[in-house]
*Asks:* 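Before I ask anything, let me first share the structure, which is written out below as structure tokens.
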Amino acid sequence: MPKVTIDGKEFEARDGQSVIQVALENGIDIPHFCWHPGLTVAGNCRMCLVDVEKIPKLSIACATTVSDGMVVHTQNEKALKAREDVMEFLLINHPLDCPICDEAGQCKLQDYAFSHSRGVSRFEEEKVHKEKRVPFGPTVLFDAERCISCSRCIRFGEEIAEQPVLTFIQRGDQVTIEPYPGTVLDNPYSMNVIDICPVGALTSRDFRFKARPWDMSFTETVCPHCARGCNIRVGTRDNQILRLEPRPNPNVNDFWMCDMGRLESYPPVNAETRISGAFLHHKKVSLDDAVQAIANALKKYRPEEIAFIASPYASVEDNFAFLEVAKSKSKIVGYFSHHAGENDKLLIRADRTPNAYGLKILGINEFDSTIKESLKTGKIKMIYALEDDFVSQGVLSLDKIEFFACHATNESKTTERADVILPAASWAEKEGVFVNFEGWAQRLNPAVETTHHVRGLDHMNQSRLDRFASKFDRWAQGRKIDALESWQLAEMVGIHLGMKTNHLYTEDVFEKASSSVAGLAGLSYEKIGSLGHPVAGIGKEIKMSFYREVYQQNTQDHAEILEMDIHAEA
Amino acid sequence: MQYRSKYNNPKPNRKLSLWEKLYLPEIARGLLTTIKHLFRPKFTRQYPEERWEAPAAFRGRPVLVMEENGQERCVACGLCSRVCPPLAIEVQASETDLLKERYPVRFEINMIRCIFCGFCEEVCPEEAIVMSKDYELVYRKYDDAIYGKDKLLTPKKDLKDRLEYLREMRNKT
Ligand code: SF4
Ligand code: SF4
Ligand code: SF4
Ligand code: SF4
Ligand code: FES
């Protein structure tokens, strides 16, 4: 265990760690561009220069391995001067693009220009001009002028996505990045290069210019698009989801997420097809009437004529409350799983539902063939289902069903056929727990307001715009769906059937579930926290990562912290 | 306390002198003041027939500069919206094929929120939003007070005074 002294304080390091790792681990920020905790060390930006005693020249902190007794200065005159010079060098040909650049507000170069540069340019010659808006592939645009040649994107392609298509060409001030002739950047993880690019050289074709980071509210939650459950942040403005970005979690997704999850899971939440309010025979009715209709039907049919379909898209709480209702009525409870493609090496799972493991824990199994058969033959006359579009996915037809009630977030082939539709909050509008395929329980947090979830009251993250909007401001008129979390709807049906359930919060439902279901024993919202927690019986250790602190900082807080710094200096 | 103005703070309960108590002489004194002003030059004007042309330094309602080709200068960076203390400005950016890549599809200033501080003009990196000489702001409905691009875009030639003034000020520092 080497002992290192950084800026006068002694720290214990692990063998083989680099100076930058030890520093960041202990809360000392060494500015850096090319180093990324998820990639190999390149050491080409020179921003992380520090002064190591007994080494005549400055060393780069990212490629200097610590040794016992090493004394490092990150803040002495020599190191500060070197950083200023590196910044000046990087800014020589950097365009004055901040006003039109999507990275502005979360850009390392911009931040360091505040904190580590002399503040004025001595360069009077004309800047080198290069190509702008070059498509690298279907998802990513490249701006050659803004690139600082850190090679993070190249290393990501080589080491993580295993699609090494990008490379440097030319040299000196002409250097730029190009895909090899005849290739495009189109791997399933391509958009991660946008997140790791420390500047705005790589921008998202999907997001471009939709909003400034400081105008968005960011919410930490979980991707609902496959059984991995990557940790994500949801960026909203005016109650619309504008983008998703990965949130580091060494236990689940490291620093990454896939393009499919990033691009496909949010449009349904914003879509025009959302179900808002309850429907009875496709006419809007009060929620109470709709719930009453379901309860009446549940009373009308005999238990063996009723099937309950749970959903791997819904949370543990939703399914738990639904199961309570189901158990009181019928023995036929199950769910349909939805698979597509293959598991890949990195993240994507063939199981395209986020909570199949959660259903397993609750004791809900996939429907077997006899039940599937009886659903077809008309033996079963009534179905009550949680949000799941099994009709479009072709696993079930409802032709022989007399009464079909469902919870739904969006209009679909399934709701087309429904006698009663109850409006369910989508994954982005609710609290809850998803358990991923490895048994890792993770929490969902509401990012989008419904008429029942109010940003200010429900501790949802608020951007400045959200905080100070009045009802007269046009920038605050975003749509709010009239929908409830599925467990609330299920409990309402239960109450109409004479059950005694009166949970107030989603957390209460989870508490009840964890006290009665063996697989959830010992879990609580607090314990699951933002990193997740393995469910009972999964002997996994929780990996903590200090890089979360550095790499997870909310862009919105980030803007505010920076602003406070500037005010403090002034 | 020495800053207390004599106008704002007349001594309370001052004892009136006999002369003042007589009342009529004070009326005469007041009338005399009025009559004196009859013969002095006027400093009011017959608004709205007679209008006042504001100097270049005046901070009237903020407007967007429109180039000769009819395009706005604004690149929808959102800095004015960020700096605006009462959150009066809303900018929605979008992509254009023009060289500058980015433009505002929607640009609205809520003139009821605006406090005419001029911060938006000061922060704008493109000199795209400037304070005009327009001080005549009347609305009947709340919605009328939200000015969109149609009302904000002003030809550059009409803003010559202000643009020159800004340049002059910048060169001074
Ligand atoms: S595009 Fe971004 S990530 Fe890639 S080398 Fe340039 S600055 Fe680095
Ligand atoms: S791998 Fe799965 S959980 Fe992760 S982002 Fe993609 S779809 Fe979402
Ligand atoms: S003048 Fe001040 S208050 Fe009015 S729009 Fe500009 S920044 Fe906002
Ligand atoms: S600061 Fe200037 S360029 Fe930026 S949005 Fe406002 S008016 Fe447009
Ligand atoms: S971070 Fe060390 S050289 Fe780039």
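Order of the sequence lines fixes the chain letters, A, B, ..., with proteins taken first and strands second; residue numbering starts at 1 for each chain. Computation of the quantities below employed the complete heavy-atom set of this structure, encompassing side-chain atoms and omitting hydrogens, waters and symmetry-equivalent molecules.
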*Asks:* Tell me, side chain or backbone of A:R474 under 4.5 Å from chain B's heavy atoms, or both, or neither?
*Replies:*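 Contact with chain B is through both the backbone and side chain of A:R474.
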*Asks:* Looking at B:R167, I'd like to know if its CZ atom is crowded, meaning that more than 12 non-hydrogen atoms belonging to other residues, nucleotides or ligands lie closer than 6.0 Å.
*Replies:*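 Not buried by this count: 12 neighbours or fewer within 6.0 Å.
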*Asks:* More than 12 heavy atoms of other residues, nucleotides or ligands under 6.0 Å from CH2 of B:W52: yes or no?
*Replies:*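 Atom CH2 in B:W52 is packed in, count exceeds 12.
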*Asks:* Tell me whether A:Q477 at atom CD has more than 12 heavy atoms from other residues, nucleotides or ligands lying less than 6.0 Å away.
*Replies:* yes
*Asks:* Would B:R102 and A:D97 count as a salt bridge (Lys or Arg N to Asp or Glu O under 4.0 Å) here? Give the steps.
*Replies:* CA-CA 11 Å; B:R102 188 174 166 126; A:D97 265 0; over 6 Å; no
*Asks:* Heavy-atom distance under 4.5 Å to chain B: side chain of A:D238, backbone, both or neither?
*Replies:* neither
*Asks:* Do you know which of B:E101, B:R113, B:E90, B:E108 has the most heavy-atom pairs with chain A at a distance under 4.5 angstrom?
*Replies:* B:E101
*Asks:* Give a yes or no on this: more than 12 heavy atoms of other residues, nucleotides or ligands lie within 6.0 Å of atom CZ of B:F58.
*Replies:*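 Count over threshold, so yes.
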*Asks:* Tell me whether B:L99 at atom CG has more than 12 heavy atoms from other residues, nucleotides or ligands lying less than 6.0 Å away.
*Replies:*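 Check fails, neighbour count at 12 or below.
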*Asks:* Measure B:V91 against the heavy atoms of chain A and call it side chain, backbone, both or neither at under 4.5 Å.
*Replies:*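 Backbone of B:V91 only, per the 4.5 Å heavy-atom cut-off to chain A.
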*Asks:* Picking from A:D215, A:L96, A:D473, A:L465, which has the most non-hydrogen pairs under 4.5 angstrom with chain B?
*Replies:*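 Of the options given, most contacts go to A:D473.
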*Asks:* Using a 4.5 angstrom heavy-atom cutoff, name the option from A:K132, A:R208, A:R212, A:R133 with the most pairs to chain B.
*Replies:* A:R133
*Asks:* Only heavy atoms, only distances under 4.5 angstrom. Which residues in residues 132-154 of chain B are near chain A?
*Replies:* B:Y142, B:D143, B:I146
*Asks:* Mind listing the closest non-hydrogen atom pair of A:P99 and B:C77 along with its distance?
*Replies:*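 Smallest interatomic distance, heavy atoms only, reads O-CB, 3.1 Å.
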*Asks:* For the residue pair B:L87 and A:W475, establish whether any side-chain heavy-atom pair is separated by less than 4.5 Å.
*Replies:* yes
*Asks:* Which distance, rounded to the nearest 0.5 Å, do you find between the CD1 of B:I112 and the OG of A:S470?
*Replies:*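 One gets 10.0 Å once the value is rounded to the nearest 0.5 Å.
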*Asks:* Is the number of heavy atoms from other residues, nucleotides or ligands within 6.0 Å of CD (A:E124) greater than 12?
*Replies:*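 No - once you tally the heavy atoms of other residues, nucleotides and ligands closer than 6.0 Å, there are 12 at most.
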*Asks:* Would you find a donor on one side and an acceptor on the other, under 3.5 Å apart, between the side chain of B:Q92 and the backbone of A:K210?
*Replies:* yes
*Asks:* Tell me if the CD atom of B:E50 is crowded by more than 12 foreign heavy atoms within 6.0 Å.
*Replies:*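 Yes, enclosed.
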*Asks:* Other residues, nucleotides and ligands only: do more than 12 of their heavy atoms fall within 6.0 Å of CD on B:E20?
*Replies:* yes
